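Nothing here was measured: the structure is a model prediction, and the numbers come from that model. For the numbers below, each heavy atom of this structure counts, side chains included, while hydrogens, waters and symmetry mates do not. The chains referred to below are lettered A, B, ... by the order of the sequence lines, with proteins before strands, and numbering in each begins at 1.
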Protein chains: 2
Amino acid sequence: MCSDRNKDAKRPRRATAQTVADLAGVSRSAVSRAFTPGAYVDSEKRRRILKIAADTGYQPNALAAGLKAGQSNLVAVFVGNMRSPYDSAFVGELAQALSGLKKWPILIDRTGANTDQALRELLRYPLDALILRGGSMSEEIVDRCARFGIPMISSGRPVQGPRVDNVCCRNADGMTMITDLLISRGRRRFGFLSGPEEFYSSSRRRAGVLQALDRAGLDLVAEHPTDYSVDSGYGAARSLLSRASLDALVCANDATAIGALSAARDLSLNVPGDLAIVGFDDIAMAKWPTFRLTTVRNPIDAAVDAIIALLERRLVDPGRPEESIFLDPSVIERETH
Amino acid sequence: MCSDRNKDAKRPRRATAQTVADLAGVSRSAVSRAFTPGAYVDSEKRRRILKIAADTGYQPNALAAGLKAGQSNLVAVFVGNMRSPYDSAFVGELAQALSGLKKWPILIDRTGANTDQALRELLRYPLDALILRGGSMSEEIVDRCARFGIPMISSGRPVQGPRVDNVCCRNADGMTMITDLLISRGRRRFGFLSGPEEFYSSSRRRAGVLQALDRAGLDLVAEHPTDYSVDSGYGAARSLLSRASLDALVCANDATAIGALSAARDLSLNVPGDLAIVGFDDIAMAKWPTFRLTTVRNPIDAAVDAIIALLERRLVDPGRPEESIFLDPSVIERETH
DNA sequence: TTGTAAGCGTTATCAA
DNA sequence: TTGATAACGCTTACAA
């Protein structure tokens, strides 16, 4: 093929500090100072410069500024699965909070074909940090991230490593609380829908249920694994409910609880009359009119606040000791218990 | 393994091409060439350089490379609301597809406090493009984006402007198809739950319903606005169903259809016996066991494919004429019609 | 308060 | 095939 004829139709290069400086009759550094809060510039001159900048659409090039400063203001956000309501709400909140700090989230979805490769490519940018939604990720991949050398904040799975800070919900406590609630309401025959083995949250949540039952002198009557999806919750609940007589079904997350709720309905069980069903996370769907699910709130806002706080501290002092923040879940009583 | 020699030190600066060059006893340019596919380097030397790079953790600094090239490989993805299942699934798919192109999505959520400000700040990066999920955004904000001067791809709301390409689902056709289906099944008394006036999709979807009814010589019996949320769908449906006798309720999206489904149940209406309820989008929840919603598929995969294609073409030839790709929706028959 | 000049880490060009 | 060199656009000592 031949060379393109509209080569001159190239995208116009953006205005630079020099462009503005020439137009304003000042030096390039004056322009830079006009954009630097607290720098020494005659305030009248600054006004003139900013005016011309606005007219020409000039903005300091963040690539050049970042190169100079050794900081990109870019933050990788690595998340398990954007199709999970919890993860996507988490990402939305986080993106908002980061933009307040003028940090920009680059989104990486674990479900991508070769994420490892992609993550490595992304590291060509001198990222300020890597924020990991590790609750929905395997230990292996999380550990790999911790070795990249950039500051990391892991949410949902505690990770040991240099410059790795942690935010984590007290999963076990949450489950103990809600199981206690069910016990106090007279439930005695408990079933449990567990999460994927490789997720940290799964084992902690299971431990919480077992602890509450143990203290009450009760045994788990039946148990079934799930992959945390609605469908697998549905299947697991059907199988469990058809082979055991239960009066309470604790589910490792809301999605499986929602599946279980549907299964109970299909089996003509009365919820909460015959059977209590509870979940964990308090995703948006939990309060939908059809479900009104009693659940444990895994607070996204608190998690995001904690991440932001840890990030700010780490950026101020990169050598500071690693820190972990634990979040308290709370029971949300709706209509399925 | 993990050497932590400078625990008090500032974050170590990353290895540069010079570091690797010195170690390998070659010039900086040789290192650069080793990382440039198809550049002239002795293949043995390249191997040695890459080995040393791997050992030192060297990767070319994307900020410097981008500064040089006048291209950042960064793409802004501006989305209406990450709490909407459609938008978040869209973002997930898009992020995956972009990483295959080595383009990195920076996520901006419209619901942020001062998004306009944030977007402007983000433009300090020489972004390759701005991808806009405009279906869930007002015209005003979309037009503002079109004026930023960087290539833009709008999905879900056609936008006129230089270097603005469009991807859009044939909303009206989809609604016409599903309304035709209901008519062919004998439905005659139609209600409609409309979307927010300021969203482009709302009016198109409404037009599609009206066209099908018109051709069949039917009138819309009743109509109620929503904000596209489940709750507003629930409220709108309750209000509509209590004042009009309907045998079909067409909803402008799946969320409102799901709300309507719950309202119908609470009113002891038999779906689909007494009343058909259908939605639009085919979000993940539409196929959940409790809903099994008949709906119109608004194909995310096709939209993402189209966006990627448009992006590639625009990057190759920035001056090319603007292009629009229209996507065909399809009816998904489940159990509510 | 202002301007000059020296990098930041790359890559493209050019001469060897 | 290789190495020196000149940008890319910015910030910040340092000098004026």
Side-chain angles (χ1 to χ4, degrees), chain A residues 10-50 52-53 56-74 102 121 123-128, chain B residues 10-50 52-53 56-74 102 121 123-128:
Chain A
K10 278 249 173 155
R11 197 171 135 205
R13 255 190 129 79
R14 23 191 292 168
T16 73
Q18 191 63 64
T19 324
V20 177
D22 293 347
L23 252 32
V26 298
S27 74
R28 222 166 63 227
S29 13
V31 176
S32 175
R33 281 191 277 257
F35 277 87
T36 308
Y40 295 127
V41 214
D42 179 83
S43 68
E44 164 54 30
K45 183 177 280 190
R46 164 174 272 152
R47 202 181 353 262
R48 203 172 75 240
I49 292 173
L50 292 179
I52 294 178
T56 53
Y58 170 76
Q59 294 250 84
N61 183 324
L63 256 36
L67 181 57
K68 186 95 220 322
Q71 257 221 356
S72 66
N73 290 320
L74 261 19
K102 306 212 176 138
E121 287 283 342
L123 285 170
R124 292 187 169 208
Y125 297 83
L127 301 171
D128 285 11
Chain B
K10 285 279 182 223
R11 194 170 136 208
R13 259 192 124 80
R14 17 190 298 165
T16 73
Q18 191 63 64
T19 323
V20 177
D22 293 346
L23 254 32
V26 298
S27 73
R28 220 165 63 230
S29 351
V31 175
S32 174
R33 281 191 278 256
F35 276 88
T36 308
Y40 295 126
V41 213
D42 179 84
S43 67
E44 165 54 32
K45 184 178 279 190
R46 163 173 272 151
R47 200 180 354 261
R48 203 171 75 241
I49 291 174
L50 292 180
I52 294 178
T56 54
Y58 170 76
Q59 293 248 84
N61 183 326
L63 254 37
L67 180 58
K68 184 100 220 322
Q71 259 222 355
S72 65
N73 290 321
L74 262 17
K102 305 210 177 142
E121 287 284 340
L123 285 170
R124 291 185 171 209
Y125 296 83
L127 301 172
D128 285 10

Inset, instruction - Rounded off to whole Å, could you give me the CG-to-P distance for the A:L63 and D:dG9 pair? - result: 11 Å
Legend entry - Whole-Å distance separating the CZ atom of A:R33 from the P atom of D:dA13: 11 Å
Inset, instruction - Round to a whole Å and report the spacing from CD of B:Q71 to P of D:dG9. - result: 14 Å
Inset, instruction - Report the distance from atom OH of B:Y125 to atom P of D:dG9, rounded to the nearest whole Å. - result: 17 Å
Inset, instruction - Give the first and the last nucleotide of DNA chain C, reading 5' to 3', that has any atom under 4.0 Å from a heavy atom of chain B. - result: C:dC8 to C:dT13
Legend entry - side chain to side chain contact (heavy atoms under 4.5 Å, CB included) partners of B:A65, counting only residues at least two apart: none
Inset, instruction - Decide yes or no for B:T36 and B:V41: does some side-chain heavy atom of the first lie under 4.5 Å from some side-chain heavy atom of the second? - result: no
Inset, instruction - Determine whether the side chains of B:T19 and B:T16 contain a donor N or O and an acceptor N or O closer than 3.5 Å. - result: yes
Inset, instruction - Would you classify B:E44 as touching base, sugar-phosphate or nothing, given that sugar-phosphate means primed atoms plus P, OP1 and OP2, and contacts are heavy atoms under 4.0 Å? - result: nothing
Inset, instruction - Please report, rounded to the nearest Å, how far the C1' atom of D:dA7 is from the CG atom of B:L67. - result: 9 Å
Inset, instruction - Quick one: closest heavy-atom pair of A:A39 and A:R33, and the distance? - result: CB-O, 3.7 Å
Inset, instruction - Assess the pair A:F35 and A:Y58: is the distance between their ring centroids shorter than 6.0 Å? - result: yes
Legend entry - Flag, side chain of A:S72 to backbone of A:G66, donor-acceptor distance under 3.5 Å: no
Inset, instruction - Select base, sugar-phosphate, or nothing to describe what A:Y58 touches, counting heavy atoms under 4.0 Å on all strands. - result: sugar-phosphate
Inset, instruction - Verify the contact: side-chain N or O of A:T16 to OP1 or OP2 of D:dG9, cut-off strictly under 4.0 Å; return yes or no. - result: no
Legend entry - Toward the 5' end of DNA chain C, by each residue's nearest nucleotide, A:Y40 or A:R28: A:Y40
Legend entry - Check: A:A24 main-chain N/O paired with A:R48 side-chain donor or acceptor under 3.5 Å: yes
Inset, instruction - Remember a base hit wins even if backbone is also touched, and classify B:V41 as base, sugar-phosphate or nothing at under 4.0 Å, heavy atoms. - result: sugar-phosphate
Inset, instruction - Taking B:R46 for its side chain and B:A34 for its backbone only, find out whether a donor-acceptor pair lies under 3.5 Å. - result: yes
Inset, instruction - Just compare D:dT11, D:dA4, D:dA7 and give me whichever is closest to any side-chain atom of A:K68. - result: D:dT11
Legend entry - Consecutive-pair stems (at least three Watson-Crick or G-U pairs, under 3.5 Å) that include DNA chain D: C:1-16 with D:1-16
Legend entry - A:Q59 backbone acceptor or donor facing A:R14 side chain under 3.5 Å: yes
Legend entry - Rounded interatomic separation in angstrom, taking CD from A:Q18 and P from D:dC10: 9 Å
